[in-house]
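Below is the structure I would like to discuss, written out as structure tokens.
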2 protein chains.
Amino acid sequence: MNQFHILENRFPGRRAALKRDILEQALYCFIELGVEATTIDAIKARCETSVGAIYHHFGNKEGILSALFFAAQDDQRQHLDQELANTNSLREAVYSVICSYLDWVVANPEWARFLYQARSAVAKGPFQEELKDRNAKGFRELKAKLLGFGNESNSIVQPFEIVISLIVGPSENYCKAWLAGRVQTSPRDYREEFAESAWRSLQR
Amino acid sequence: MNQFHILENRFPGRRAALKRDILEQALYCFIELGVEATTIDAIKARCETSVGAIYHHFGNKEGILSALFFAAQDDQRQHLDQELANTNSLREAVYSVICSYLDWVVANPEWARFLYQARSAVAKGPFQEELKDRNAKGFRELKAKLLGFGNESNSIVQPFEIVISLIVGPSENYCKAWLAGRVQTSPRDYREEFAESAWRSLQR
DNA sequence: TTCGGTAAAAGAAGATTATTCTGTTTTTGC
DNA sequence: GCAAAAACAGAATAATCTTCTTTTACCGAA
């Protein structure tokens, strides 16, 4: 299972072979050169195809970027949902959110780096509505799950608006630092610290 | 005191008038249209100057971006240093870091939005070394301050690598959400919650 | 005040790159 | 096997960053 299983899962079949290849080489370029600095020509050269084929499949550069972005985001969310499905208490749920996040980043560092880099571009581009809808949906579902543990949810004494920030803020911040090389220790090594800190920060 | 006092402080005098104006109009464009979408032509049009003048002063688009970015970052850090100077305990220091951050973002929302947007571009561009040096210096100074409270510093029971993430992670995450319009309540209203949560997350 | 040098400013020309468009080949459904 | 649709190719276009040359303004020293 290489780092491109995400694409194979999401664009399966023989018909989509070139489409997958374009995305694969584009991701490589985005990571290697940065989103802004990769040219259509560079992608074209790497998969030995034509600009026509690229524009036929994706419309424009944003189209490639967004397809990659949503594929990665879907995979990350799928991973979260799997972890979250087995939880039976609020505390377990909080732990799941943190751990699935840290695990996914460590398992897919290139994709994670790309997600961080591409977010702002997608948020402004032609797919901004789709991004908003997806984020809103994810937020809604997570909120429902966290508040769905009956009485126990009273242990969240913070205004819910800031709960998500309290839970994922530190992990996200550390993962970015790790992907940028500013810290060396794998985020996985701090699973307990981040999860326990998040849990306690929800209480008073 | 308008939102451009930051530029007036940092590029004073009559000789720098056009330089300031270019930066001002560029910031307006970056905020309005996004960093990527603003063209040299758009900036040129807004300050009624020539491409020659712009390139004379800043070399290239990155030059404008970096000058703005560093000006904002300096102002933010200056604000932090002021707050931090008066602290006499670890707890006070942690509170200062959080509150000065939240206050600055609320006082300068356009600059804050710009800082978030421009960071990745500066981190890849020709000023990446300067950015690294600045960040390293800031990190070093903050670490020294936090660990400089003698015995009391033992109340930090977390590995120091993750301490910064625990302190500013949630605030940063919430501020981004606020600037993007995903939440409505001003970060200032949650000063206590973020500061208190951060303080407790450092202990065990 | 004038002179010479340096900085500032203008704008045309060049180079790069995203995108469009037209034509050709391949695949698919019948 | 055939028409229609999709896939693909690549030249032409348009937008935009950057460079280069020329002109203008400023400023200290003779």
task: Tell me, please, the opening and closing nucleotides of DNA chain D, 5' to 3', among those with an atom under 4.0 angstrom from a non-hydrogen atom of chain A.
output: D:dA6 to D:dA11
message: So, OP1 or OP2 of C:dT26: does either fall under 4.0 Å of a side-chain N or O from A:Arg15?
response: no
message: Suppose we screen for side chain to side chain contact (heavy atoms under 4.5 Å, CB included). Which residues come up paired with A:Gln117, at least two apart in sequence or across chains?
response: A:Val35, A:Arg113, B:Lys124
Compile the donor-acceptor pairs under 3.5 Å between side chains in residues 85-98 of chain A and protein atoms, sequence neighbours left out, one pair per line.
{"from": "A:Thr87", "atom 1": "OG1", "to": "A:Leu84", "atom 2": "O", "distance (Å)": "2.7"}
{"from": "A:Ser89", "atom 1": "OG", "to": "A:Glu92", "atom 2": "N", "distance (Å)": "3.1"}
{"from": "A:Arg91", "atom 1": "NH2", "to": "A:Tyr95", "atom 2": "OH", "distance (Å)": "3.2"}
{"from": "A:Arg91", "atom 1": "NH2", "to": "A:Glu196", "atom 2": "OE1", "distance (Å)": "3.4"}
{"from": "A:Glu92", "atom 1": "OE1", "to": "A:Asn88", "atom 2": "N", "distance (Å)": "3.0"}
{"from": "A:Tyr95", "atom 1": "OH", "to": "A:Glu196", "atom 2": "OE1", "distance (Å)": "2.5"}
{"from": "A:Ser96", "atom 1": "OG", "to": "A:Glu92", "atom 2": "O", "distance (Å)": "3.2"}

message: Can you see whether A:Phe70 has A:Arg134 sitting over its ring - NZ or CZ less than 6.0 Å from the centre and within 45° of the normal?
response: yes
task: Starting from the 5' end of DNA chain C, give me the residue, A:Arg14 or A:Ala37, whose nearest nucleotide shows up first.
output: A:Ala37
- prompt: B:Ile40 CD1 to C:dG11 C1': how many Å, rounded?
  reply: 15 Å
Charged N-O contact under 4.0 Å between B:Lys137 and B:Glu141: yes
Side-chain donor-acceptor contacts of residues 52-60 of chain B below 3.5 Å, not counting sequence neighbours, with atom names and distances?
{"from": "B:Asn60", "atom 1": "OD1", "to": "B:Glu62", "atom 2": "N", "distance (Å)": "3.3"}
{"from": "B:Asn60", "atom 1": "OD1", "to": "B:Gly63", "atom 2": "N", "distance (Å)": "2.9"}

statement: Within residues 47-67 of chain B, those residues having any heavy atom closer than 4.0 Å to DNA chain D are B:Tyr55, B:Asn60, B:Lys61
statement: For B:Arg77, the side chain to side chain contact (heavy atoms under 4.5 Å, CB included) test, sequence neighbours excluded, returns B:Leu80, B:Asp81
query: Going through the distances and angles, do A:Ile167 and A:Trp199 end up as a side chain to side chain contact (heavy atoms under 4.5 Å, CB included)?
result: CA-CA 7 Å; A:Ile167 295 177; A:Trp199 173 245; over 6 Å; no
Pair A:Asp21 + A:Arg46: basic N to acidic O under 4.0 Å: no
